[in-house]
Amino acid sequence: QVQLVESGGGLVQAGGSLRLSCAASGRFFSINAMGWYRQAPGKQREMVAGITSGGSTNYADSVKGRFTISRDNAKNTLYLQMNSLKPEDTAVYYCNAGVRRNSNYSPIVEYWGQGTQVTVSS
């Protein structure tokens with residue numbers, strides 16, 4: 001099995017910063033694209049930022065210029081640096097990874113972390 005464990009969430013004032021981490025562990029061949037999603041109360045889960053295995057990134061319009069996604073392939077770890085946080089960024093943040101279990105010919109299976117709460121006070 002593959003486990004994704006997020007950390008780094010918490011309570012911060014508007015304008016502050018947080019850095020989320022997501023560590024992948026378990027038995028797998030490779031990790032393809034990874035991403036951060038978030039879900040606020042009463043709202044659908046939405047994509048925040050994504051990154052390919054080669055390092056190409058994309059962001060939701062709402063976080064462009066404020067959030068930076070990165071990954072350390074040697075450590076199988078994904079990061080999200082969040083600056084200039086706003087109350088509307090309050091949500092549970094989830095890590096997502098597409099994993100090949102045994103070889104380059106294995107299908108890509110998606111895994112999710114358990115989520116970490118980010119609360120931004122005004």
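FYI, the numbering just counts along the sequence from 1.
Residue Ser25 holds its OG atom at 9.0 Å from CG of Asn76, rounded to the nearest 0.5 Å. Atoms CD and OG, on Gln13 and Ser122 in that order, are 9.5 Å from each other to the nearest 0.5 Å. Here the straight-line distance linking atom CZ of Phe28 with atom CZ of Arg100 works out to 13.5 Å at 0.5 Å rounding.
Under the 3.5 Å distance criterion, the side-chain polar atoms of Glu6 are matched with a main-chain donor or acceptor of Cys95. Side-chain atoms of Tyr59 come within 3.5 Å of backbone atoms of Ile69 as a donor-acceptor pair (strictly under, hydrogens ignored). The main-chain N or O of Thr52 is never found under 3.5 Å from a side-chain atom of Ser56 such that the two would form a donor-acceptor pair. Remark: side-chain polar atoms of Arg45 are not paired, donor with acceptor, to backbone N or O of Gln39 under 3.5 angstrom.
By the side chain to side chain contact (heavy atoms under 4.5 Å, CB included) test, Gln44 is found to be paired with no residue, residues two or more places apart in sequence or in another chain being considered.
Transitive grouping of hydrophobic side chains (ILVMFWY, heavy atoms separated by less than 4.5 Å) brings Val2 and Met34 into a common cluster. Val48 and Tyr94 fall into different hydrophobic clusters, where Ile, Leu, Val, Met, Phe, Trp and Tyr are joined by side-chain heavy atoms under 4.5 Å apart, directly or via other members. Trp36 and Tyr111 fall within a single hydrophobic cluster, where Ile, Leu, Val, Met, Phe, Trp and Tyr are joined by side-chain heavy atoms under 4.5 Å apart, directly or via other members.
Using a 4.5 Å heavy-atom threshold, the side chains of Asp72 and Tyr79 count as touching. In this structure the side chain of Val99 never reaches within 4.5 angstrom of the side chain of Phe29, judged on heavy atoms. Two residues are said to be in side-chain contact when any heavy atoms from C-beta on lie closer than 4.5 Å; Arg66 and Met82 fail this criterion. The side-chain heavy atoms of Cys22 and Arg71, taken from C-beta on, include no pair separated by under 4.5 Å. Within the 4.5 Å cutoff, side-chain heavy atoms of Asn58 are placed close to those of Met47. Between Arg38 and Asp89 there is a side-chain heavy-atom pair separated by less than 4.5 Å. You'll find the side chain of Leu78 stays beyond 4.5 Å of the side chain of Ile31, heavy atoms only.
Closest approach of Asn32 to Ser30, counting heavy atoms only: OD1-OG, 3.8 Å. When all heavy atoms of Leu4 and Ala24 are compared, the pair lying nearest together is CD2-CB, 3.5 Å. Here the shortest heavy-atom pairing between Ala91 and Ala40 reads CB-N, 3.8 Å.
In summary, of the residues considered (Thr90, Thr119, Val12, Val63), a side-chain contact (heavy atoms from CB on, under 4.5 Å) with Leu85 occurs for Val12 alone.
With ring centers used as reference points, Trp112 lies under 6.0 Å from Tyr37.
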May I have the step-by-step check of side chain to side chain contact (heavy atoms under 4.5 Å, CB included) for Leu11 and Gln117, ending in yes or no?
CA-CA 8 Å; Leu11 173 64; Gln117 177 70 47; over 6 Å; no
